[in-house]
Engineer: 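Take this structure first; my questions come after.
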Amino acid sequence: DNNCIALVCDVTSVESVNTAITTVIEKFGRIDLVWNNAGYQGEIKPTLEYDPVDFARVMNINVTGMFLVLQACAKHMKDGGGSIVNTA
């Protein structure tokens, strides 16, 4: 019995997140548990030398990406329950 699948998902893309969640729903019928963990450390530099573009990438992955996965999963879990654990 195949009770596990591996997916690649760009958490900064609503389309990619929705595609991944749709794939899970099609395979298993529901979502009971989500461990929502996406993180990017960014460059290790002093603040005055840190590239704002890299900082924006950190925020897009670590904050916006976390929210997009949380929102997409919660929409499918709202009636059936379950748990979402957010870590970064």
Engineer: Calculate, to the nearest 0.5 Å, the distance between atoms CZ and CG belonging to F28 and N3 respectively.
Structural biologist: 6.0 Å
Engineer: Tell me whether R30 contacts the main-chain N or O of G80 through its side chain, where contact means a donor paired with an acceptor under 3.5 Å.
Structural biologist: yes
Engineer: For D32 and M77, which heavy atoms make the closest approach, and how far apart are they?
Structural biologist: O-CE, 3.6 Å
Engineer: Can you tell me if N60 and Y40 form a side-chain donor-acceptor pair at under 3.5 Å?
Structural biologist: no
Engineer: Would F55 and T47 count as a side-chain contact (heavy atoms from CB on, under 4.5 Å) if you check the C-alpha gap in whole Å, the side-chain angles of each, and the deciding distance to 0.1 Å?
Structural biologist: CA-CA 10 Å; F55 179 76; T47 301; over 6 Å; no
Engineer: For V85, is there any backbone N or O sitting under 3.5 Å from a side-chain donor or acceptor partner on N36?
Structural biologist: no
Engineer: Measuring from atom NZ of K75 to atom CG of N18, what distance do you get when rounded to the nearest 0.5 angstrom?
Structural biologist: 7.0 Å
Engineer: Could you grab the distance from atom NE2 of H76 to atom CD of Q71, nearest 0.5 Å is fine?
Structural biologist: 11.0 Å
Engineer: Answer yes if L70 and V14 sit in the same cluster of Ile, Leu, Val, Met, Phe, Trp and Tyr residues linked by side chain heavy atoms under 4.5 Å apart, and no otherwise.
Structural biologist: yes
Engineer: What heavy-atom pair brings E49 and K45 nearest, and what distance separates the two atoms?
Structural biologist: O-CD, 3.8 Å
Engineer: Drop me the distance from R57's CZ to I61's CD1, to the nearest 0.5 angstrom.
Structural biologist: 4.5 Å
Engineer: Ignoring hydrogens, what is the shortest heavy-atom contact between I44 and Q41? Give both atom names and the distance.
Structural biologist: CD1-NE2, 2.8 Å
Engineer: Which heavy-atom pair separates V11 from L68 by the least distance, and what is that distance?
Structural biologist: O-CD1, 3.3 Å
Engineer: How long is the straight-line distance from CG of L7 back to CD1 of I21, given to the nearest 0.5 Å?
Structural biologist: 8.5 Å
Engineer: Walk me through it: do I31 and V34 pass the test side-chain contact (heavy atoms from CB on, under 4.5 Å)?
Structural biologist: CA-CA 7 Å; I31 298 173; V34 176; 3.5 Å; yes
Engineer: Between V17 and A72, what is the shortest heavy-atom contact and its length?
Structural biologist: CG1-CB, 3.7 Å
Engineer: Measure the spacing between NZ of K27 and OG1 of T23 and express it to the nearest 0.5 Å.
Structural biologist: 11.5 Å
Engineer: Indicate the atoms forming the closest heavy-atom contact of N62 with G39, along with that distance.
Structural biologist: OD1-CA, 3.1 Å
